Amino acid sequence: MQVITDAKAMRRWSQAHRAAGRSVSLVPTMGYLHLGHLSLVKEALSRSDVCVVSIYVNPAQFAANEDFGTYPRDEQGDLRKLKELGVHAVFMPERLYVVEVCGDKTDGDEENLRTNSPASNSPETNSPVSNSPPETKAAHETYVTAEQLQVGLCSKTRPHFFRGVATVVAKLFNICEPDVAVFGKKDYQQLRVVQRVVRDLDFAIDVVGAPLERETDGLAMSSRNARLTADHRANALAISRGLLVLKNKVATSHRGLDEQTLANEVREIRTGITEAGGEVDYVEVCDQESLVPVKTLPAGAKAVCLVAAKFGDVRLLDNAELGGEA
Ligand code: AMP
């Protein structure tokens, strides 16, 4: 397994495989890998000849007050897990996207720029020619946005989030040039945003949505679960419990759910989370593709119920597809 930190070397690796007739898959991650991530890797390996996993805690998707600095990291553990699975390359860029945190981004003050980790390599900036030392290169300023899909749900509290994801994923696509990229349905809105970007910008990449993996007691697997206290970890089960009740109700209701019934079900999920000590960000039932909220679920209709809630200072996401998969 090759560990690559340089974007040009990554591109050369991928191009060499493609030139030799091998298909390339990519699994983008932020590391601290758990079985949910590894299920994506297995899916990617089954769909390609060679697989690259990227590990990059993307500063562009964190606001200044969020958990960028405390996001869990375990580089050695991640590399061991990926090697065991037979991954062919790991792309670990130091500075894929440099964001301005505060102040004047042109003043070259490194204090004002947020990078993935302390600077050690030259930055991957877009300036082809520069006589300046690396520290004086300006922050990146180009963003990719999916205008409609990034409205609502997670964007209400994290308005910066999806453009940060879409931009860095677009960069990863340009650098790794994969035939297939696998994303988890755990981050449902993210998956739909990436699929929309790929469609709209004509990336020749098959984006696969892999199933959400859960702990045996139902909690959606997440790197952030490691930061839950024991009490919050137990109480957070209210999220998956509530979603399962709704999923079963839809599966067994032959006449569908009218507006009032659906609203009651959503209220039940909210109440369950709140009574367990959680702070609900949203519980919404939406169209699976457009993520536009739906008010009723006619018999046979497909939708997805999406939840975000905080337990302590840990924000958790979960969702359940209702009526099957679109
Ligand atoms: P992250 O490292 O959190 O950015 O996640 C990297 C990828 O793993 C994303 O496509 C996530 O949707 C996916 N992922 C994270 N947790 C899970 C899970 N429990 N089940 C399936 N996919 C997941």
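Note that this is a predicted model, so its numbers are computed, not measured. Counting starts at 1 for both ligands and their atoms, following the listed order.
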Identify the protein heavy atom lying closest to [atom], giving its residue, its atom name and the separation to 0.1 Å.
atom	result
atom 5 (O) of ligand 1	H37 NE2, 3.4 Å
atom 6 (C) of ligand 1	P28 O, 3.4 Å
atom 4 (O) of ligand 1	M30 CG, 3.5 Å
atom 20 (N) of ligand 1	E213 N, 2.8 Å
atom 17 (C) of ligand 1	K186 CB, 3.5 Å
atom 12 (O) of ligand 1	D187 OD2, 2.6 Å

Under 4.0 Å to a heavy atom of [X] - the qualifying atoms of ligand 1, by number:
X	result
Y71	3 (O)
F183	10 (O)
L40	7 (C), 8 (O), 10 (O), 13 (C), 21 (C), 22 (N)
M221	16 (N), 17 (C), 18 (C), 19 (N)
L212	20 (N), 21 (C)
G184	9 (C), 10 (O), 11 (C), 12 (O), 13 (C), 22 (N)
P211	20 (N), 21 (C)
H34	15 (C), 16 (N), 17 (C)

Backbone or side chain, does any N or O of [X] fall under 3.5 Å from an N or O of ligand 1?
X	value
A210	no
T29	no
S39	no

Checklist entry - Do Y188 and F183 make the cut of ring centroids closer than 6.0 angstrom? => result no
Item to check | Nearest heavy-atom neighbours spanning C154 and L317 | outcome: SG-CD2, 3.7 Å
Checklist entry - So, for P93 and Y56, which heavy atoms are closest and what is the spacing to 0.1 Å? => result O-CD1, 3.4 Å
Checklist entry - Ignoring hydrogens and geometry, is there a side-chain-to-backbone donor-acceptor pair from S48 to V50 under 3.5 Å? => result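 Yes.
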Next on the checklist: Whether the side chain of Q61 engages the backbone of N58 through a donor-acceptor N/O pair (distance < 3.5 Å, no angle test) should be reported.
Outcome noted: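 Checked: no pair found.
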Tell me yes or no: between the side chains of [X] and [Y], is some donor less than 3.5 Å from an acceptor?
X	Y	answer
E325	Q288	no
D258	T296	no
H160	Q150	no
S14	H17	no
D287	S290	yes
R192	Q195	yes

Checklist entry - Does NZ or CZ of R315 fall inside the cone over F62's six-membered ring, less than 6.0 Å from its centre and within 45° of the axis? => result no
Next on the checklist: Yes or no: does Y56 have any heavy atom under 4.0 Å from an atom of ligand 1?
Outcome noted: no
Next on the checklist: I'd like to know if Q190 contacts ligand 1, where contact means a heavy-atom distance under 4.0 Å to any ligand atom.
Outcome noted: yes
Item to check | Region of S223 engaging ligand 1 - heavy atom pairs below 4.0 Å | outcome: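 Neither part.
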Next on the checklist: Residue-level breakdown please: for L191 versus ligand 1, do any non-hydrogen atoms fall below 4.0 Å on the side chain, on the backbone, on both, or on neither?
Outcome noted: neither
Item to check | Presence of salt bridge, D78 and R73, under 4.0 angstrom | outcome: no
